[in-house]
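Quick caveat: nothing in here was measured; it's all calculated off a predicted structure. Both counts, for ligands and for their atoms, begin at 1 and track the order of listing.
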Amino acid sequence: MLATLPGRMMDYPLTLTHLVERAARFFPKSEVVSRQANRALNRVSYAELMKRVRKLANALVAMGVKPGDRVATLAWNHHRHLELYLAVPAIGAVIHTLNLRLHPTEIAYIARHAEDKWVFADATLLPLLDKFRHEVPWIRKVVVMRDEGDPAVPPEDAEYEALLEPCSDAFEFPRLDENAASMICYTSGTTGNPKGVVYSHRSMVMHTIVACMADSLAVGERDVVLPVVPMFHAAAWGLPYAAVMAGSNLVFPGPHLDAKSILELMQDEKVTIAAGVPTIWLGILAMLDAEQGKWNLGHVRTTVIGGAAAPPSMIQGFAERHGVVITHAWGMTETNPLGTLARVKSSLAGDPAQELRIRSTQGYAVPFVEQRHADEAGKILPWDGETMGELEVRGPFVAKAYFSDEGSDRFTADGWFKTGDVVTIDAEGYVRITDRSKDVIKSGGEWISSVQLENALMSHPAVLESAVFAGRHEKWDERPIAAIVLKPGQSASEEELRTHLEGHFAKFWMPDAFVFVQQIPRTSTGKFLKSKLRASFGEMLIGK
Ligand code: ADP
């Protein structure tokens with residue numbers, strides 16, 4: 001009888017361990033390049049790195065790390081962080097990537113919540129670690145990752161290289177259950193306490209396969225992959241695992257995320273795929289524009305931009321002025337994180353204006369992710385490109401619950417995750433984000449899309465960045481206010497910006513006020529922090 005066949009157990013489990021074995025066997029010559037805090041470049045081959053992963057696995061076991069234990073990292077993107085990405089899950093433990101941009105009290109909360117017992121920290125981040133390590137009673141040992149010129153290792157802590165040195169580079173990886181946890185990441189907690197999202201091995205492997213697919217990020221053996229997106233945030237969008245599975249070269253920027261350092265790496269290391277949030281690429285585009293002809297980005301196949309809306313003017317600027325194709329992607333910590341991706345279907349290709357419009361959407365769901373949108377009562381909405389509702393997703397790498405079962409109201413009874421993003425979906429399936437529900441501007445009961453206004457403002461040649469947010473209003477409840485950062489040496493008056501918007505939007509969408517600022521405040525993951533703008537300027541329309 002079918003029911004008695006042990007079908008599940010007959011399948012070979014999908015686990016990350018395979019990546020280590022595969023990379024060592026097939027891609028020993030592939031290389032991982034990391035920029036250290038002292039700016040020197042560290043180079044290590046996959047052959048050597050996978051030996052180090054086995055040494056690290058031995059070291060972890062010797063330290064007493066058991067399956068299911070949480071091992072935290074407090075680190076920038078570099079080869080040692082990759083070694084931890086591979087060794088910790090491969091022994092059955094769970095890597096917990098701490099977001100070093102959060103406030104120390106928040107990091108302490110997260111580390112306590114996850115019950116982190118070991119912390120692997122960059123020496124340059126020791127001052128940050130010192131601010132919270134004593135608030136986390138679970139921590140048994142800190143291991144410091146240090147390069148020349150970095151702060152010294154405190155006597156009570158271990159040093160990473162010294163830990164690895166005596167260990168054998170032979171390690172028999174255990175056969176793991178594919179449903180076992182491999183990594184835990186926390187959401188940024190803009191709405192309440194941060195919540196933990198646990199990724200199983202199966203979820204990670206499925207995500208890695210999907211990331212490598214041709215119509216997805218298409219990571220391949222010939223690629224040189226530069227994840228500017230931090231490894232402490234949503235697993236650097238899965239790129240480290242995708243690159244290792246494919247055998248690509250990897251380039252890590254360490255703590256140096258300024259435009260010049262990134263451009264140098266892209267040019268010198270012949271990067272083919274780079275990825276990060278729009279704020280990083282706005283800075284890079286401004287530098288490319290200012291230094292026309294200086295940079296050779298001829299090897300770049302695509303730059304993946306996500307985490308916040310990529311303005312069409314940026315997508316167009318990269319393509320037309322610098323020959324760089326942007327892949328716009330949407331995702332969340334809860335979706336591991338790839339959810340949708342803006343590929344132009346062949347049936348829609350040909351007309352440049354239409355192609356730009358499509359590339360500027362958040363795209364349609366990657367394989368195995370399902371998408372729909374619903375109104376506040378939970379009614380499923382039509383895909384007409386106009387009706388706005390909350391995006392819901394489900395699939396094998398979408399969270400089904402948060403760690404410790406918090407936030408259960410974000411999951412529907414039939415297993416969909418409510419994203420909190422307000423979207424339209426068109427007949428072809430392309431999702432367009434109009435806002436995050438917490439950033440929505442509701443004027444006299446009507447929704448105004450801050451994202452569309454920002455995109456239009458950022459297409460003005462003098463505007464570097466713009467964030468549109470809700471100001472409180474006595475009559476209309478809320479009205480849009482636009483915060484503007486001008487490009488260095490450029491000017492634009494409020495009148496000019498109004499004229500620039502006119503004709504493109506309904507009259508009631510026009511911002512009631514413009515504020516010119518030096519910089520838009522950022523979240524811990526480099527996105528515009530609108531709650532701070534609301535706190536600073538949100539009352540300015542009252543009494544007007
Ligand atoms: P947080 O932003 O809270 O630090 P996440 O990285 O999980 O944590 O953020 C996910 C959110 O980022 C999404 O819900 C969405 O609002 C926003 N986002 C991600 N990608 C895009 C995109 N391409 N366009 C617009 N918004 C995006």
Side-chain angles (χ1 to χ4, degrees), residues 97-103 106 110 184-197 199 207 217 227 229-238 275-282 303-312 314-315 326-343 358-366 369 371 373 388 390-393 397-399 402 407 410 417-425 430-440 449-455 458 467-468 521-532:
T97 50
L98 291 167
N99 181 340
L100 56 91
R101 289 234 170 79
L102 294 176
H103 191 273
E106 245 176 328
I110 291 171
I184 180 165
C185 284
Y186 278 70
T187 63
S188 70
T190 11
T191 49
N193 273 333
K195 291 188 269 299
V197 180
Y199 307 129
H207 185 274
L217 303 182
V229 48
M231 293 170 87
F232 59 73
H233 181 228
W237 300 349
V277 293
T279 45
I280 295 269
W281 300 104
L282 281 170
T303 293
V304 186
I305 301 191
M314 175 168 77
I315 297 176
I326 302 290
T327 303
H328 190 198
W330 168 90
M332 304 181 69
T333 304
E334 291 88 338
T335 62
N336 197 349
L338 206 51
T340 66
L341 205 122
R343 282 250 172 268
I358 294 173
R359 286 187 180 286
S360 310
T361 70
Q362 278 66 24
Y364 56 93
V366 297
V369 173
Q371 64 177 51
H373 65 328
M388 291 189 206
E390 183 178 4
L391 177 65
E392 298 181 354
V393 289
F397 42 89
V398 177
Y402 287 110
R410 299 283 300 274
F417 169 64
K418 296 158 85 164
T419 63
D421 285 331
V422 180
V423 303
T424 60
I425 305 180
Y430 287 96
V431 172
R432 185 182 291 277
I433 296 200
T434 59
D435 259 305
R436 291 185 95 158
S437 51
K438 58 179 179 284
D439 291 333
V440 145
S449 163
S450 63
V451 174
Q452 273 169 264
L453 286 168
E454 286 159 7
N455 283 345
M458 285 194 263
V468 175
R522 305 273 205 265
T523 68
S524 61
T525 50
K527 307 179 191 183
F528 294 158
L529 183 55
K530 296 196 188 173
S531 56
K532 191 142 183 214

Determine, considering heavy atoms only, which of [options] sits nearest to [atom].
{"atom": "atom 16 (O) of ligand 1", "options": "L529, T361, D421, T340", "answer": "D421"}
{"atom": "atom 25 (C) of ligand 1", "options": "A309, G331, A234", "answer": "A309"}
{"atom": "atom 24 (N) of ligand 1", "options": "R432, Q362, R101, R436", "answer": "Q362"}
{"atom": "atom 22 (C) of ligand 1", "options": "A308, G306, A310", "answer": "A308"}

Would [X] count as a contact residue for ligand 1, given that I'm defining contact as a non-hydrogen atom of the residue lying under 4.0 Å from a ligand atom?
{"X": "G420", "answer": "no"}
{"X": "T525", "answer": "yes"}
{"X": "T523", "answer": "no"}
{"X": "G307", "answer": "yes"}

For ligand 1, which atoms, with element, lie under 4.0 Å from some heavy atom of [X]?
{"X": "A329", "answer": "20 (N), 22 (C), 23 (N)"}
{"X": "M332", "answer": "7 (O), 10 (C), 13 (C), 14 (O)"}
{"X": "H328", "answer": "22 (C), 23 (N), 24 (N)"}
{"X": "W330", "answer": "13 (C), 15 (C), 18 (N), 19 (C), 20 (N), 21 (C), 23 (N), 27 (C)"}

How about L341 and L217: do any of their side-chain heavy atoms sit closer than 4.5 Å?
yes
Residue pair F528 / T279, side-chain heavy-atom distance below 4.5 Å
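Touching, per the 4.5 Å side-chain cut-off.
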Side chain to side chain contact (heavy atoms under 4.5 Å, CB included) evaluation trace for T327 with T303:
CA-CA 6 Å; T327 303; T303 293; over 6 Å; no
Picking from N336, I110, N99, T333, what satisfies side chain to side chain contact (heavy atoms under 4.5 Å, CB included) with C185?
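When N336, I110, N99, T333 are each tested with C185, the side chain to side chain contact (heavy atoms under 4.5 Å, CB included) holds only for T333.
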Keeping the roles fixed (side chain from H328, backbone from T361), state whether a donor-acceptor pair exists under 3.5 Å.
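Yes.
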Ignoring hydrogens and geometry, is there a side-chain-to-backbone donor-acceptor pair from T340 to Q362 under 3.5 Å?
yes
State whether the shortest distance between N or O atoms of I305 and N or O atoms of ligand 1 falls below 3.5 angstrom.
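No, I305 has no N/O under 3.5 Å of an N/O on ligand 1.
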Could you list the residues that satisfy salt bridge (charged side-chain N to carboxylate O under 4.0 Å, His left out) with E392, not counting sequence neighbours?
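Testing E392 for salt bridge (charged side-chain N to carboxylate O under 4.0 Å, His left out), a comparison that skips the adjacent residues, returns R372.
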Can you find a side-chain donor-acceptor pair between E106 and Y186 that sits under 3.5 Å?
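Per modelled atom types, E106 and Y186 side chains form no pair under 3.5 Å.
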Rounded distance [0.5 Å steps], OG in S450 versus CG in D435:
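The distance works out to 3.5 Å.
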